[in-house]
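What follows is a set of notes on a single structure, which appears directly below.
Small disclaimer: the values here were computed from a predicted structure and weren't measured. In what follows, chains are A, B, ... by sequence order, proteins preceding strands, each numbered from 1.
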Amino acid sequence: MRIQVKLFAFFRQGRFITEDQEHPRDSTAGEVIDGLGIPRDEVGVLMLNSRHCTVDTLLHEGDIYAIFPVIGGG
Amino acid sequence: MADKVFRVNMTDLSTSLEEVPADWMGHGGRGLTSTIVAAEVPAACHPLGPRNKLVFAPGLLSGTSAANSGRLSCGAKSPLTGTIKEANAGGTAAQKLAKMGCKALIIEGQPSGDAWYSLSLSPEGIRIIPEQELIGKGNFAVVDSVERRSSEKIGLLSIGQTGEMQMAAANISVKDPDGHLRSLGRGGLGAVMGSKKIKFISLDAGAGKVEIADATAFRAANKTFAKALIDHPVNQALKTYGTNVLINIINEAGGLPSKNFSAGQFEGHEQISGETMHDLIVERGGRPSHVCHQGCVIQCSQIYNDLKGNFKTSGFEYESIWAMGADCTVTDLDQIAEMDHIMDDIGIDTIETAVAFGVAMEGGVLDFGDSTEMIRIMNDEIREGTALGRVIGNGAGSVGRTYGVTRVPVVKNQAIPAYDPRAIKGIGITYATSTQGADHTMGYTIATEILGVGGSADPLSKEGQVELSRNLQIATAAIDSTGMCLFIAFAALDDGACLPALVDMLNARFAINLNATDVTNLGIEILKTEHAFNLAAGFTNLDDRLPEFFELEPLPPHNAVWDFTGQEIDTFWDF
């Protein structure tokens with residue numbers, strides 16, 4: 001299945017801003033993170049189609065998946 | 001040497017240094033400004049008249065070596081909201097006031113003539129000095145001139161032309177260690193300073209030092225505290241990308257108010273993002289990290305240069321970039337930087353003014369996205385005080401009333417900041433219930449709702465939001481009294497060592513014995529003092545509401561509406 005992966009802040013370094021990717025059906029959000037070589041403890045926020053998700057969330061065809069490091073502001 | 005209250009009466013041009021009353025001893029920063037305003041300002045007074053008072057207070061830990069402790073509070077009755085108001089800024093002023101033994105500076109009364117003045121503060125006291133040369137000039141000219149008259153080390157509080165003209169969005173600028181500007185931004189305190197006919201206040205602490213009762217204990221607690229701040233991963237992002245790192249995540253969450261709050265995502269978000277800003281800064285030889293006061297370990301400010309590599313602006317914040325960018329649909333970051341610079345110079349709140357421009361665009365005064373016309377209006381109309389300039393300079397509500405617009409995002413007449421309450425419901429409770437009008441810093445639920453700091457809360461659900469906002473508003477009121485930058489909150493919410501170390505520093509500084517419950521009670525007391533002032537000023541629970549359009553207009557992409565009932569919102573005050 002095809003999903004759109006979006007990376008932000010530090011995670012873009014040496015990777016990409018956004019990429020359409022092929023993943024096996026029933027992949028989890030966490031598996032995509034692992035596949036990108038991002039340590040799970042560096043992950044701050046995960047969003048799937050603009051809603052928060054967890055590493056265990058199952059992905060589906062056409063999902064927009066955003067991966068953020070820990071960030072803050074005001 | 002004990003601290004004193006520095007009092008200036010602008011009616012008879014007298015000054016005095018007074019003993020600190022026992023009731024005020026345990027207060028600092030916002031707790032102190034709100035206590036003084038509540039005690040000495042008649043709640044029904046005209047904010048631009050002789051009965052309002054302008055109060056500056058450093059925080060309880062300002063002027064010490066405590067990390068991130070250099071914040072200054074300024075309070076009064078706000079000419080924008082009509083409520084009690086506290087604005088908070090970095091820069092060097094808080095540290096200088098603390099070091100010269102100034103517990104609070106209270107400016108009262110009003111000169112009867114047209115003459116202008118400046119104030120000069122030192123450990124010896126206060127001088128009131130006639131000022132002519134700088135009247136009608138912008139803040140950057142004031143910094144230049146005052147530094148030339150005395151030294152680069154002088155501390156400075158200043159108003160621009162908009163404060164002189166008493167526009168309700170006018171701010172007070174605070175000089176930072178590099179001579180750049182920070183802002184006591186919201187609620188028109190610059191207009192109050194202008195109504196007292198004071199153009200600037202210079203601060204010379206001389207050899208003054210803040211006394212610490214137990215220096216050894218203080219040092220140990222500060223070490224733990226600073227480590228908690230430095231170790232928190234949020235600070236790496238803030239240091240690299242500034243607060244503008246938020247554009248992309250708030251956009252992704254569908255809560256980035258765009259085109260005058262008609263959508264929750266902005267097509268041009270990448271062009272105005274923190275990531276883009278960082279790359280431009282590095283490319284042009286600027287500085288992606290920069291402190292607004294000595295002792296800050298977070299360094300969220302930056303030096304942003306223009307195409308030629310010359311200084312354009314610093315303190316280039318998410319709120320400012322969102323408002324001029326997504327809300328007015330401008331995608332050119334250099335145009336936005338130019339406007340940030342102009343608004344620093346004329347001394348006007350970037351949030352209020354840019355949201356006012358969004359309403360003006362809705363009302364057909366200019367086109368959405370027309371940054372050239374925005375710049376022209378700022379320079380030729382607002383700076384010059386033309387009728388249009390004054391309508392915009394008096395804020396988003398003023399523009400809405402003048403042009404018959406209903407999509408006017410304000411609470412208690414203050415513009416709503418960079419998070420749409422339909423998609424991020426907890427911040428909507430903060431906007432509605434804050435004693436100061438729509439203000440995100442008063443109870444920053446974004447941390448928990450979007451950023452996953454201090455737990456989590458579903459931003460599209462009403463569940464737990466009132467309690468979340470209440471707890472954060474109480475904690476924030478207490479932190480705002482210490483002189484600490486609110487960005488310590490990320491570490492304080494996640495790292496169990498952080499808040500106890502802060503309490504240890506308070507105890508070591510004053511030889512007292514506070515615990516965490518005392519700190520919570522301080523926050524509760526401050527909120528109740530502020531709320532009581534507002535009730536006496538004529539506010540009711542019906543003012544703790546969001547504008548109607550948030551209930552009627554679903555916000556894409558989530559198509560959410562604001563659906564809290566008045567009764568649900570009112571439970572906020574059940575404490």
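Only the side chain of B:Pro459 comes within contact range of chain A, with heavy atoms under 4.5 Å apart. With a threshold of 4.5 angstrom between heavy atoms, B:Leu486 does not approach chain A through any atom at all. With a 4.5 angstrom heavy-atom cutoff, B:Gln236 touches chain A via backbone and side-chain atoms both. In this structure, the portion of B:His232 lying under 4.5 Å from any heavy atom of chain A is its side chain and not its backbone. Interface remark: B:Ala447 contributes no atoms to any contact with chain A (heavy atom separation under 4.5 Å).
One finds no salt bridge joining B:Glu275 and A:Lys6 here, because no Lys/Arg side-chain nitrogen approaches an Asp/Glu carboxylate oxygen to under 4.0 Å.
Against chain B, the residues from residues 53-69 of chain A that qualify, each with a non-hydrogen atom under 4.5 angstrom away, are A:Ile64, A:Ala66, A:Phe68 in number order. Using non-hydrogen atoms only and a strict 4.5 Å limit, the part of residues 26-47 of chain A facing chain B consists of A:Val45, A:Met47.
Between chain A and the options B:Asp458, B:Asn235, B:Ile446, heavy-atom pairs under 4.5 Å are most frequent for B:Asp458. No other option in B:Asn251, B:Ile298, B:Asn248 has as many heavy-atom pairs under 4.5 Å with chain A as B:Asn248. Contact count against chain A (heavy-atom pairs under 4.5 Å) is highest for B:Leu451 among B:Asn244, B:Thr441, B:Leu451.
The number of heavy atoms from other shown groups lying within 6.0 Å of CD (B:Glu267) does not exceed 12. Taking a 6.0 Å sphere around CD of B:Glu463, one finds it holds 12 or fewer heavy atoms contributed by other residues, nucleotides or ligands.
Using a 4.5 Å heavy-atom cutoff, the side chains of A:Arg51 and B:His558 are in contact.
With hydrogens and angles ignored, the 3.5 Å screen pairs a side-chain donor or acceptor of A:Ser50 with a backbone N or O of B:Glu252.
Interatomic distance, A:Gln13 CD to B:Thr240 OG1, rounded to the nearest 0.5 Å: 8.0 Å.
Nearest heavy atom pair, residue A:Gly72 against residue B:Val245, reads O-CG1, 3.3 Å. Shown here for A:Phe10 and B:Tyr241, the closest heavy-atom pair between the two residues is N-OH, 3.2 Å.
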